[in-house]
2 protein chains.
Amino acid sequence: MGRGKISIRRIENPTSRQVTFSKRSNGLLKKAKELAILCDAEVGLVIFSSTGRLHEYASSSMVKVTERYNKVKEESRQLVDPTADVKHQPVKAEVAGSSPVNPDLGSDKYATTRL
Amino acid sequence: MGRGKISIRRIENPTSRQVTFSKRSNGLLKKAKELAILCDAEVGLVIFSSTGRLHEYASSSMVKVTERYNKVKEESRQLVDPTADVKHQPVKAEVAGSSPVNPDLGSDKYATTRL
DNA sequence: TTGGCTATCTATAAACG
DNA sequence: TCGTTTATAGATAGCCA
């Protein structure tokens, strides 16, 4: 999205990398907020720049997101073969009561195969 | 970015919300990966859909990101007035050795005022 | 640097099949 | 009820003040 196309590989020039980080970091934070609002999702985003600076966003709070994350991970581990490790695939996460508000959630309308 | 402009507010129609979630969620994950690669940043992203599904991305691992996050948060709490609570502002985070590789990091080239 | 300013490239809202 | 296909809105790479 700019004057020229770029390939996704580490930007070697430190100055350019810093500038790009600043721009994209803000863009990512903005998109995270939009997703949370538009889709009523709980989102947690943590970014450390290569210089060590921290940027963050959490629709609720980072602590809540982390706790919910850990809870879901724990549960999913019990559902699959204990010897198999959980990877990047989206996993089921119907943690009753852990999300503040969830209108029209009971109906399982768009249920695809869970797990 | 579509046929029509939309305002950032909760999408009431469950089906539309689900569709938008799917698209934007993927977009956000992709952007998170790009930022991590392009800018050599450490990124952690957790998304729970309104139906409770978990999507995630971590450039290193979610555990590492969380640990680093907590460490930085702890440190920043000691630097500011203990009675003041840390909010959303980016904070300093020069945690030596917590990131696997960080070439040309020692030089404090783009250091703006830290904290 | 440190931010703005477009020209372009992407993401995606609606429309289709 | 979907996955695909466009037409646009939005993000941003390269510049320049």
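Throughout, protein chains are lettered first and strands after them, A, B, ... in sequence-line order, and every chain is numbered starting at 1.
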To the nearest Å, give me how far apart CZ (Phe21(A)) and C1' (dG14(D)) are.
20 Å

Can a donor-acceptor pair under 3.5 Å be found between the side-chain atoms of Arg3(B) and the base atoms of dT6(D)?
yes

Atom NZ of Lys33(A) and atom C1' of dG10(D) are separated, to the nearest Å, by 16 Å

Side-chain donor or acceptor of Lys5(A) under 3.5 Å from a matching atom on the base of dG14(D)?
no

Counting distance alone, no hydrogens or angles: does the base of dA13(C) have a donor or acceptor under 3.5 Å from a partner atom on the side chain of Lys23(B)?
yes

Separation of atom CG in Asn26(A) from atom C1' in dA11(D), rounded to whole Å:
12 Å

Walk me through it: do Val43(A) and Val65(A) pass the test side-chain contact (heavy atoms from CB on, under 4.5 Å)?
CA-CA 7 Å; Val43(A) 180; Val65(A) 171; over 6 Å; no

By the 4.0 Å heavy-atom rule, please label Thr20(B) as base, sugar-phosphate, or nothing.
sugar-phosphate

Rounded to whole angstroms, how far apart are CD on Gln18(A) and C1' on dT1(C)?
11 Å

For residues Leu29(B) and Ile47(A): do they belong to one hydrophobic cluster (side chain heavy atoms under 4.5 Å, members Ile, Leu, Val, Met, Phe, Trp, Tyr)?
yes

Exercise: identify the closest heavy-atom pair between Met62(A) and Tyr57(A):
CE-O, 3.5 Å

Taking CG from Leu38(A) and P from dA11(C), how many angstroms apart are they, rounded to a whole number?
17 Å

Which atoms form the tightest heavy-atom contact between Phe48(A) and Ala41(B), and what is the distance?
O-CB, 3.0 Å

Any N or O donor-acceptor pair under 3.5 Å from the base of dA11(D) to the side chain of Lys31(A)?
no

Whole-Å distance between dA13(C) C1' and Glu34(A) CD?
13 Å

Which listed nucleotide (dT1(C), dA13(D), dT12(C)) is nearest to the side chain of Arg24(B)?
dT12(C)

Leu29(B) CG to dA11(C) C1', straight-line distance once rounded to whole Å:
14 Å

Given that Ser22(A) and Gly4(A) both sit by DNA chain C, which one's nearest nucleotide is further toward the 5' end?
Ser22(A)

Given Lys73(B) and Glu56(A), is the side-chain contact (heavy atoms from CB on, under 4.5 Å) satisfied, shown in steps?
CA-CA 11 Å; Lys73(B) 279 299 184 180; Glu56(A) 66 175 298; 2.6 Å; yes

In whole angstrom, give the distance that lies between atom NZ of Lys30(B) and atom P of dA11(D).
15 Å

Return whichever of Gly2(A) or Val19(A) has its heavy-atom-nearest nucleotide of DNA chain C closer to the 5' end.
Val19(A)

